[in-house]
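The block underneath contains the structure these notes are about, expressed in structure tokens.
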Amino acid sequence: MNYWLMKSEPETYSVEAWRKDKKTLWTGVRNYQARNFMTQEMKQGDGVLFYHSNAEPSGVAGLGRVSSDGSESDPTQFDKKSDFYDPKATRDKPIWGCVEVSWLESFARVVSLQDLRANPKLTELGVLKKGSRLSILPVTPKDFKEICRMAGSKTELLAKT
DNA sequence: GCCAACGTTGGC
DNA sequence: GCCAACGTTGGC
């Protein structure tokens, strides 16, 4: 089981929208590295931290898990009306994949970027590294657990280790 | 709105 | 294959 951080601008898709939807296809990723995480490494049951970027404040706003096996193709690549339409993609040879992620918890208080930076235990966290623009980042189990603790999360995702 | 950091594109 | 130009991300 692996752990991930996924970024979204709340104006586009917020943790509250996710809560209402209960689950969502993580479409619109057009970066190869982020795509490869979804298509190759993310597995059903993996833990997901939902991160609000370009937000007030930016930070980790909720928690969920991967609810598909990562083999889905992103339907927006075929949709000419979509901002994410890719003319090079065909249904036989899709270019962009995605995963489905299910909501588990919206944190009562966002764990802000400032809070994350202030925690000396989180030195390895990708989102704190300078120039990190990747929208999907792996998170170590230790950091995942620490962020859940900081959020006062009531969801026990890690358990069996 | 600014701008640093990074990814992608395309000419050569 | 190099690299300049351009576009995007995202904190501030």
Side-chain angles (χ1 to χ4, degrees), chain A residues 2-21 24-42 46-66 70-101 103 105-140 142-144 146-153:
Chain A
N2 291 310
Y3 301 92
W4 307 93
L5 180 145
M6 301 176 90
K7 296 182 190 172
S8 179
E9 304 200 9
E11 280 194 28
T12 307
Y13 194 76
S14 70
V15 75
E16 281 313 289
W18 192 29
R19 180 180 61 79
K20 285 178 197 144
D21 290 347
T24 189
L25 271 184
W26 205 263
T27 58
V29 170
R30 293 296 179 267
N31 169 285
Y32 291 107
Q33 209 179 338
R35 178 201 68 178
N36 292 345
F37 282 141
M38 289 199 286
T39 58
Q40 296 169 20
E41 298 193 38
M42 294 176 84
D46 282 1
V48 172
L49 295 171
F50 191 102
Y51 181 90
H52 280 170
S53 60
N54 270 319
E56 200 51 55
S58 291
V60 180
L63 174 66
R65 70 178 139 220
V66 177
S71 64
E72 322 225 9
S73 75
D74 178 344
T76 64
Q77 69 194 304
F78 309 123
D79 179 1
K80 285 186 181 166
K81 293 192 208 79
S82 168
D83 287 346
F84 305 112
Y85 175 65
D86 186 337
K88 293 194 285 296
T90 65
R91 294 198 180 265
D92 287 342
K93 287 201 169 182
I95 297 172
W96 302 105
C98 62
V99 292
E100 182 189 74
V101 285
W103 176 91
E105 184 176 350
S106 296
F107 295 149
R109 189 176 145 275
V110 171
V111 181
S112 71
L113 194 55
Q114 209 176 5
D115 294 340
L116 295 171
R117 281 194 205 288
N119 188 332
K121 289 181 186 167
L122 301 176
T123 48
E124 292 301 301
L125 195 65
V127 82
L128 299 181
K129 303 230 167 99
K130 190 166 72 167
S132 155
R133 304 187 320 173
L134 206 55
S135 62
I136 300 175
L137 292 161
V139 178
T140 65
K142 190 170 67 66
D143 287 355
F144 190 91
E146 177 64 11
I147 293 166
C148 289
R149 190 195 61 74
M150 291 168 80
S153 169

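In what follows, chains carry the letters A, B, and so on, assigned in the order in which the sequence lines appear, proteins first and then strands, with residues in each chain numbered from 1.
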*Which of residues 47-57 of chain A have a heavy atom under 4.0 Å from DNA chain B?*
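Heavy-atom cutoff 4.0 Å gives no residues at all.
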
*In residues 112-127 of chain A, which residues come under 4.0 Å of DNA chain B by heavy atom?*
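Of all residues in residues 112-127 of chain A, none places a heavy atom under 4.0 Å from DNA chain B.
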
*asked:* Checking A:Asp46 now: which residues fulfil salt bridge (charged side-chain N to carboxylate O under 4.0 Å, His left out) with it, not counting sequence neighbours?
replied: none

*Can you give the first and last nucleotides of DNA chain C, 5' to 3', that have an atom under 4.0 Å from a heavy atom of chain A?*
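The protein-touched segment is C:dG7 to C:dC12.
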
Only pairs at least two apart or in different chains count here, so list each side chain to side chain donor-acceptor pair (under 3.5 Å) that has a residue in [range].
| range | answer |
| --- | --- |
| residues 76-86 of chain A | A:Arg30-A:Thr76, A:Asp74-A:Thr76, A:Asp86-A:Trp96 |
| residues 109-120 of chain A | A:Arg109-A:Asp115, A:Ser112-A:Asp115, A:Asn119-A:Glu146 |
| residues 121-138 of chain A | none |

Pairing residues for [X] by the side chain to side chain donor-acceptor pair (under 3.5 Å) criterion, not counting sequence neighbours:
| X | answer |
| --- | --- |
| A:Thr12 | none |
| A:Asn36 | none |
| A:Ser8 | none |

*Reference residue A:Phe50; test ring pair (Phe, Tyr, Trp, His ring centres under 6.0 Å); the match among A:Phe107, A:Trp18, A:Trp103*: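 Testing each of A:Phe107, A:Trp18, A:Trp103 against A:Phe50, the sole residue satisfying ring pair (Phe, Tyr, Trp, His ring centres under 6.0 Å) is A:Trp18.
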
*Determine which pairs satisfy salt bridge (charged side-chain N to carboxylate O under 4.0 Å, His left out) with at least one residue from residues 7-20 of chain A, sequence neighbours left out, and list them in order.*
A:Glu16-A:Arg19

*Among all residues two or more places apart in sequence or in another chain, which pass the ring pair (Phe, Tyr, Trp, His ring centres under 6.0 Å) test with A:Phe37?*
A:Trp4

